[in-house]
Colleague: 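My structure is below; once you've seen it, I'll send some questions.
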Amino acid sequence: MVEVVLKNGTIREYKEGTALLDIAKDISPRLAKEAIAAKVNNELTDLTSNLNENAEVEFVDFNTEEGQEVFRHSTAHVMAQAVKRLYPEVKLAIGPSIENGFYYDFDLSQSFSLQDLEKIEEEINKIIKEDYSFDKYVLPRDEALDKFKNMGEDYKVELINEMPLGEIISCYKQGEFEDLCAGPHVPSTGRLKAVKLLSVAGAYWRGNEHNKMLQRIYGTSFPKKTHLEEYLHRLEEAKRRDHRKLGPELNLFSMHEEAPGFPFFHHKGIVVWNNLENFWREEHLKKGYQEIRTPIALSRQLWEKSGHWYHYKENMYFTNIDDNEYAIKPMNCPGGMLTYKSNLHSYRELPIRMGELGLVHRHELSGVLHGLMRVRCFTQDDAHLYMLPSQVKDEIIGVINLVDYFYKTFGFDYHVELSTKPEKAMGSDEIWEMATNALIDALNTNGVNYKVNEGDGAFYGPKIDFHLRDCLDRTWQCGTIQLDFQMPQKFDLTYIGEDGEKHRPVMVHRTIFGSIERFIGILTEHFAGAFPTWLAPVQATILPITDRHQSYARELSEKLFDMGIRAEVDDRNEKINYKIREAQTQKIPYMLVVGDKEVEDATVSVRHRSRGDLGARPVNEFIECLKEEINKKAIESSC
RNA sequence: GCCGGCGUAGCUCAGUGGUAGAGCAACGCACUCGUAAUGCGUAGGUCAGGGGUUCAAGUCCCCUCGCCGGCUCCA
């Protein structure tokens with residue numbers, strides 16, 4: 001007998017070699033039905049595997065991240081099986097689960113159309129009905145190599161060849177289909193109730209652009225049809241929040257074929273922009289930042305000195321002035337260096353925090369442009385911090401806290417990534433290690449969770465990135481903190497130390513918004529265009545019922561204007577319902593309806609875009625409340 | 001940049017090789033109205049651009065541009 005300790009602490013005994021699935025059945029039929037895999041001594045395992053020793057056992061269902069991963073991964077296998085049935089000459093690459101679904105990469109000469117996806121989906125449903133069990137088996141390396149060579153699965157052969165020598169090679173078989181796989185999987189294909197294939201896209205083998213481009217089919221799956229439908233519905237809803245749709249609709253910005261990747265901001269977009277800038281300036285002044293501005297075009301020699309000429313040239317734009325070559329700045333730092341160097345600095349001044357809202361231009365590949373999120377010119381809320389080595393940790397902690405404060409003001413969740421030395425890097429390994437450890441130290445001190453991206457750092461130093469999510473759960477890097485031991489050296493930056501000698505300061509590049517353009521994109525999607533009142537391009541619209549209420553409406557509007565509130569009067573000859581509808585679609589926070597009653601009582605009837613009709617209030621009382629809401633930068637409205 | 005898809009009025013979309021359409025928006029007129037669309041009328045098009053096939057092309061073919069979904073890259 002073996003002893004099983006369940007998650008709730010109860011202990012049960014089973015015959016040695018009992019399958020985990022049978023244990024689940026013994027505990028409850030429902031558990032057996034809902035369990036996707038099991039964790040034996042914290043290791044994820046197939047339900048079909050047997051228990052041979054005492055162990056802690058936990059059953060994993062679709063409500064857990066691991067359960068979803070296993071479920072989607074199994075679906076990917078079934079999709080590969082379906083594709084193989086329909087296109088026997090196809091070669092399989094890899095097929096992992098991803099957030100919200102799965103994909104599988106295929107090498108096939110003909111390209112998949114949307115109709116093909118439907119056919120594949122039908123075949124998947126057949127395989128689900130046929131309810132094959134997922135059977136695991138292990139085999140020695142040579143046999144595995146022979147097997148997949150004979151099958152013509154070149155990509156699998158490549159994968160096996162790269163596995164460490166001692167590694168156990170396992171395969172899973174369902175029906176006629178076999179695939180190299182570490183597992184685990186659901187017990188049988190019948191478990192995969194609701195599957196939907198979503199899109200086809202090109203993807204390079206192993207993510208390397210020099211490799212062959214394969215066809216990637218994306219899909220998702222759920223244990224219940226209704227859950228799939230809910231998910232698809234949510235996707236549709238999310239598309240309505242897309243800033244590329246809302247931006248032009250709300251008259252925030254527009255994009256034009258004449259300038260791909262270069263956004264045009266309209267008045268209403270600029271109002272949002274200016275509010276962000278004002279907030280930024282206020283908070284940075286409080287934190288001891290100076291503000292500078294440096295030119296957009298700087299000479300070739302400067303970029304050679306900074307290293308951009310050698311490490312970043314393919315992303316830069318160039319121009320000639322009086323027969324000399326200039327580059328349009330893709331980053332603000334070299335200009336910042338020159339600014340620092342125009343004065344002599346004492347150690348007493350450090351840390352110096354020099355901010356710049358700098359417009360940078362980068363030549364991005366045409367295929368990556370994406371509304372305001374990925375553009376070819378953008379305004380970085382940059383700053384360069386110059387400090388003593390002993391100040392590094394505190395300065396980084398200061399920036400981490402500032403980012404947190406900013407993002408909290410907008411109600412954003414974010415995640416943090418740490419990027420280490422890339423292949424194309426300046427500087428020695430020792431310097432990189434020191435810099436990277438400084439960042440790690442600061443993160444740990446602040447108790448920040450972070451993910452490590454090996455080799456993803458900037459060419460001049462490692463970085464901490466802050467990522468925000470868009471409406472479709474894609475994440476975008478916004479804030480960043482980059483340590484730089486290179487630039488100060490290249491530009492021979494110095495400060496005069498206590499000893500009267502020149503010393504080299506440490507430098508940090510950092511942004512909070514990242515790019516104002518991208519941040520406005522994220523903001524738009526996060527609030528679905530219904531910006532908090534302090535950011536809203538129009539904060540209140542006054543709606544007179546008829547012509548005879550227009551003078552009262554205009555008086556009110558002037559009063560609001562004098563109090564610094566952005567208000568409009570809709571004096572068009574339309575019914576009140578019509579005006580309200582339009583104000584609603586424009587997502588204006590407050591609608592102030594004025595008619596006979598309001599004129600007589602010196603009140604306004606307040607309607608909020610999401611809270612509806614709130615009734616009449618004295619004008620002054622409402623204005624005070626609104627001012628307060630705006631000053632507090634409240635996310636929720638309360639007037 | 002690469003793979004695939006898409007491009008008709010300001011917006012959303014019809015249009016099966018044979019005279020370019022609808023709704024909304026815009027503009028004009030009437031209605032003076034109480035919390036999400038008043039009625040009638042008018043105007044609006046190089047069917048992304050260029051080339052080709054055809055008696056005839058929005059429709060079929062080729063090229064270019066842009067957009068969308070990914071990959072690579074990145075704030």
Side-chain angles (χ1 to χ4, degrees), chain A residues 103 105 111-114 116-117 198-218 239 242 244-245 248-249 254-261 312 314-315 330-332 358 360 362-382 419 456 458 463 465-468 472 474 476-480 482 509-519 521-522 543-550 573-585 591-598 605-609 612-616:
Chain A
Y103 68 76
D105 286 345
S111 48
F112 294 118
S113 67
L114 288 176
D116 294 334
L117 289 198
L198 297 167
S199 64
V200 211
Y204 301 108
W205 167 236
R206 322 209 91 176
N208 184 327
E209 61 181 319
H210 302 296
N211 287 343
K212 185 166 186 183
M213 183 160 269
L214 309 172
Q215 296 186 71
R216 174 171 299 178
I217 301 182
Y218 284 92
K239 280 185 194 152
D242 195 319
R244 292 167 301 179
K245 191 173 159 55
E249 267 174 24
S254 57
M255 303 297 285
H256 300 272
E257 201 170 317
E258 289 82 350
Y312 208 71
E314 61 279 16
N315 282 297
M331 296 184 193
N332 299 304
V360 297
R362 297 182 183 176
H363 180 250
E364 301 292 347
L365 296 178
S366 60
V368 306
L369 301 178
H370 187 100
L372 293 181
M373 305 293 199
R374 192 71 184 279
V375 289
R376 282 179 170 156
C377 76
F378 57 98
T379 305
Q380 282 185 311
D381 63 318
D382 216 340
S419 297
D456 254 1
K463 56 178 187 169
D465 292 327
F466 298 83
H467 292 248
L468 296 172
L472 289 174
R474 290 175 289 220
W476 298 91
Q477 181 185 322
C478 290
T480 184
Q482 312 186 348
H509 311 242
R510 47 107 283 179
T511 65
I512 308 288
F513 292 137
S515 122
I516 311 245
E517 289 80 354
R518 177 175 287 181
F519 202 81
I522 298 274
L543 311 178
I545 303 261
T546 74
D547 293 355
R548 57 176 192 279
H549 309 115
Q550 283 191 16
N573 194 359
E574 294 289 350
K575 288 170 81 170
I576 194 69
N577 281 336
Y578 182 91
K579 295 180 184 179
I580 284 171
R581 179 184 159 79
E582 184 135 308
Q584 287 283 156
T585 56
M591 286 154 265
L592 309 178
V593 178
V594 292
D596 288 337
K597 274 184 290 182
E598 289 75 15
S605 276
V606 180
R607 179 192 166 94
H608 182 263
R609 66 182 167 207
D613 188 354
L614 302 169

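Order of the sequence lines fixes the chain letters, A, B, ..., with proteins taken first and strands second; residue numbering starts at 1 for each chain. This is a predicted model, so every value here is computed, not measured.
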Colleague: For B:A36, does either OP1 or OP2 sit under 4.0 Å from a side-chain N or O belonging to A:Arg607?
Modeller: yes
Colleague: Just how far is it from atom CZ of A:Arg376 to atom CD of A:Glu517, taken to the nearest 0.5 Å?
Modeller: 15.0 Å
Colleague: Determine whether a donor-acceptor pair (one donor, one acceptor, N or O, separation below 3.5 Å) exists between the side chain of A:Tyr204 and the base of B:G1.
Modeller: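 Per atom types, the contact qualifies.
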Colleague: Rounded to whole angstrom, note down the P distance from B:G45 over to B:C31.
Modeller: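 Result for the P pair: 32 Å, nearest Å.
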Colleague: State whether A:Thr480 places a side-chain N or O below 4.0 Å from either non-bridging phosphate oxygen (OP1 or OP2) of B:A75.
Modeller: no
Colleague: From B:G69, B:U35, B:A37, pick the nucleotide closest to the side chain of A:Val593?
Modeller: B:U35
Colleague: Indicate, yes or no, whether a donor-acceptor pair under 3.5 Å links the base of B:G4 to the side chain of A:Ser113.
Modeller: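 Looking at the base of B:G4, it does not pair with any donor or acceptor on the side chain of A:Ser113 (distance under 3.5 Å).
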Colleague: Rounded to whole angstrom units, what separation is found between the NZ atom of A:Lys575 and the P atom of B:G34?
Modeller: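 Roughly 8 Å, once rounded to whole Å.
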Colleague: I'd like to know if A:Arg216 pairs up with A:Asp105 as an ion pair, taking the criterion as any Lys NZ or Arg NE/NH1/NH2 lying under 4.0 Å from an Asp or Glu carboxylate oxygen.
Modeller: yes
Colleague: Between the side-chain atoms of A:Asn208 and the base atoms of B:U72, is any donor-acceptor pair under 3.5 Å?
Modeller: no
Colleague: Need one value for A:Asp596: base, sugar-phosphate or nothing, where a base atom within 4.0 Å counts as base even if backbone is also close, heavy atoms only.
Modeller: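 Contact class for A:Asp596: base.
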Colleague: Search all heavy atoms of A:Glu364 against all heavy atoms of A:Leu369 and return the closest pair with its distance.
Modeller: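 Answer, listing the atom of A:Glu364 first, then A:Leu369: CB-CD2, 4.1 Å.
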Colleague: P atom, B:A25 versus B:C33: distance in rounded Å?
Modeller: 22 Å
Colleague: Of all the heavy-atom pairs spanning A:Gln584 and A:Arg609, show the shortest one and how long it is.
Modeller: NE2-O, 3.0 Å
Colleague: Contact class for A:Glu364 vs. all strands (heavy atom < 4.0 Å): base, sugar-phosphate, or nothing?
Modeller: base
Colleague: Measuring only the C1' atom in each nucleotide, how far is B:G21 from B:G66? A whole number of Å is fine.
Modeller: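 Each nucleotide's C1' atom is 25 Å from the other's.
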Colleague: Do we count A:Tyr218 as stacking onto B:G70 if the rule is ring centres under 5.5 Å and planes under 30°?
Modeller: no
Colleague: Please work out if A:Gln550 contacts a base, only the sugar-phosphate, or nothing of the nucleic acid, heavy-atom cut-off 4.0 Å.
Modeller: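 A:Gln550: no heavy atom of the nucleic acid under 4.0 Å.
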Colleague: When you measure from the side chain of A:Asp547, which nucleotide among B:G34, B:A37, B:U32 comes out closest?
Modeller: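 Comparing B:G34, B:A37, B:U32 against the side chain of A:Asp547, the answer is B:U32.
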Colleague: Does A:Thr546 or A:Glu517 map to a spot on RNA chain B nearer the 5' end, using the closest nucleotide for each?
Modeller: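 It is A:Thr546, whose closest nucleotide lies nearer the 5' terminus.
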Colleague: Measure the CG-CD distance between A:Leu365 and A:Glu209 for me, rounded to the nearest 0.5 Å.
Modeller: 8.0 Å
Colleague: Which nucleotide sits closest to the side chain of A:Arg548: B:G69, B:U32, B:A26?
Modeller: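 The answer is B:U32, which lies nearest to the side chain.
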Colleague: Base, sugar-phosphate, or nothing: which does A:Asn577 touch, judged by heavy atoms less than 4.0 Å apart?
Modeller: sugar-phosphate
Colleague: Less than 3.5 Å between a donor and an acceptor, one on the side chain of A:Arg609 and one on the base of B:A36, is that the case here?
Modeller: no
Colleague: Any base atoms under 4.0 Å from A:Ala201, or only sugar-phosphate, or nothing? Heavy atoms, all strands.
Modeller: base
Colleague: Could you tell me how far B:G4 sits from B:C62 if I compare only their P atoms? Round to whole Å.
Modeller: 13 Å
Colleague: Expressed as a whole number of angstroms, how long is the span from A:Met591:CE to B:A36:C1'?
Modeller: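 Result: 9 Å.
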Colleague: With a 4.0 Å cut-off on heavy atoms, is A:Met255 in touch with a base, just the backbone sugar-phosphate, or nothing at all?
Modeller: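 Result for A:Met255 = nothing.
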Colleague: Rounded to the nearest Å, what distance is computed from the CG atom of residue A:Asp116 to the P atom of nucleotide B:C3?
Modeller: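 Spelled out: CG on A:Asp116 to P on B:C3 is 18 Å.
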Colleague: May I ask you to say what A:Lys597 touches in the nucleic acid, namely base, sugar-phosphate or nothing, with a heavy-atom cut-off under 4.0 Å?
Modeller: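 Base, at least one base atom sits under 4.0 Å.
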Colleague: Rounded to whole Å, how long is the line connecting atom OH of A:Tyr312 with atom P of B:C73?
Modeller: 13 Å
Colleague: Taking any heavy-atom pair under 4.0 Å as a contact, classify A:Thr511: base, sugar-phosphate, or nothing.
Modeller: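 Nothing: the residue A:Thr511, judged by heavy atoms under 4.0 Å, touches no strand.
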Colleague: Give the C-alpha distance, both sets of side-chain angles, the deciding distance and a yes or no for side chain to side chain donor-acceptor pair (under 3.5 Å) between A:Gln215 and A:Ser111.
Modeller: CA-CA 7 Å; A:Gln215 296 186 71; A:Ser111 48; 4.9 Å; no
Colleague: Send over the distance from A:Ile580 CD1 to B:A36 P, rounded to a whole Å.
Modeller: 6 Å
Colleague: Where are the stems of RNA chain B, defined as at least 3 consecutive Watson-Crick or wobble G-U pairs with both distances under 3.5 Å?
Modeller: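 Stem list for RNA chain B: B:1-7 with B:65-71, B:10-13 with B:21-24, B:26-30 with B:38-42, B:48-52 with B:60-64.
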Colleague: Is there a donor and acceptor pair closer than 3.5 Å between the side chain of A:Arg374 and the base of B:C73?
Modeller: yes
Colleague: Using only atom types and a distance under 3.5 Å, with no angle test, would you say the side chain of A:Glu598 pairs donor to acceptor with the backbone of A:Gly595?
Modeller: yes
Colleague: Tell me which of A:Leu372 and A:Pro260 sits closer to the 5' end of RNA chain B, going by the nucleotide each one is nearest to.
Modeller: A:Pro260
Colleague: Using whole Å, report how far CD of A:Glu574 lies from C1' of B:C40.
Modeller: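 Those two atoms, CD and C1', are 14 Å apart.
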Colleague: At 4.0 Å (heavy atoms only), tell me whether A:Lys212 reaches a base, stays on the sugar-phosphate, or touches nothing.
Modeller: nothing
Colleague: Could you give the distance separating B:A14 and B:G52 at their P atoms, to the nearest angstrom?
Modeller: 30 Å
Colleague: Taking the C1' atom of each, how far is B:A36 from B:C40, in whole Å?
Modeller: 23 Å
Colleague: Considering every strand and a 4.0 Å limit on heavy-atom distances, what is the contact class for A:Arg216: base, sugar-phosphate, or nothing?
Modeller: sugar-phosphate
Colleague: Which nucleotide sits closest to the side chain of A:Val368: B:C73, B:U35, B:G34?
Modeller: B:C73
Colleague: Under 4.0 angstrom, heavy atoms only, what part of the nucleic acid is A:Gly367 near: base, sugar-phosphate, or nothing?
Modeller: base
Colleague: Using the C1' atoms only, state how far B:G49 lies from B:C55, rounded to an integer number of Å.
Modeller: 26 Å
Colleague: Output yes when A:Arg548 and A:Asp596 qualify as a salt bridge under the 4.0 Å nitrogen-oxygen rule, no when they do not.
Modeller: yes
Colleague: What nucleic acid atoms does A:Arg510 come within less than 4.0 Å of, heavy atoms only: base, sugar-phosphate, or nothing?
Modeller: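 No contact at all - A:Arg510 keeps every heavy atom at 4.0 Å or more from the nucleic acid.
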Colleague: Going by side-chain contact (heavy atoms from CB on, under 4.5 Å), name the residues that satisfy it together with A:Arg474, two or more places apart in sequence or in a different chain.
Modeller: A:Arg244, A:His370, A:Asp470, A:Leu472, A:Trp476
Colleague: Can you say whether a donor on the side chain of A:Glu257 sits under 3.5 Å from an acceptor on the base of B:G49, or the other way round?
Modeller: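 By the distance-only test, no, there is no pair.
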Colleague: Using a 4.0 Å heavy-atom cut-off, does A:Gln584 contact any base of the nucleic acid, only the sugar-phosphate backbone, or nothing at all?
Modeller: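 Answer is base: heavy atoms of A:Gln584 come under 4.0 Å of a base.
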Colleague: Just how far, in rounded Å, is C1' of B:G69 from NE2 of A:His370?
Modeller: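 One finds 10 Å between C1' of B:G69 and NE2 of A:His370, rounded.
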Colleague: Which atom pair, heavy atoms only, marks the closest approach of A:Arg374 to A:Val368?
Modeller: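 Result for this residue pair: CG-O, 3.2 Å.
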Colleague: Can you tell me if A:Lys245 touches the phosphate of B:C11, counting only side-chain N or O atoms and a distance under 4.0 Å to OP1 or OP2?
Modeller: no
Colleague: Check every atom of B:G70, B:U35, B:A75 against the side chain of A:Arg474 and return the nucleotide holding the closest atom.
Modeller: B:G70
Colleague: Without decimals, in angstroms, what is the distance between A:Asn573 CG and B:A30 C1'?
Modeller: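 Nearest whole value for this atom pair: 9 Å.
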Colleague: For nucleotides B:U64 and B:G28, find the distance between their P atoms and express it as a whole number of Å.
Modeller: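 Approximately 46 Å lies between the P atom of B:U64 and that of B:G28.
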Colleague: For A:Ile512 and A:Asp381, which heavy atoms make the closest approach, and how far apart are they?
Modeller: N-OD2, 2.9 Å
Colleague: When we call it a touch if two heavy atoms are under 4.0 Å apart, what does A:Arg244 touch: a base, just sugar-phosphate, or nothing?
Modeller: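 The residue A:Arg244 makes sugar-phosphate contact but no base contact.
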Colleague: Does the side chain of A:Arg518 come within less than 4.5 Å of A:Val375's, by heavy atoms?
Modeller: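 Side-chain contact under 4.5 Å: no.
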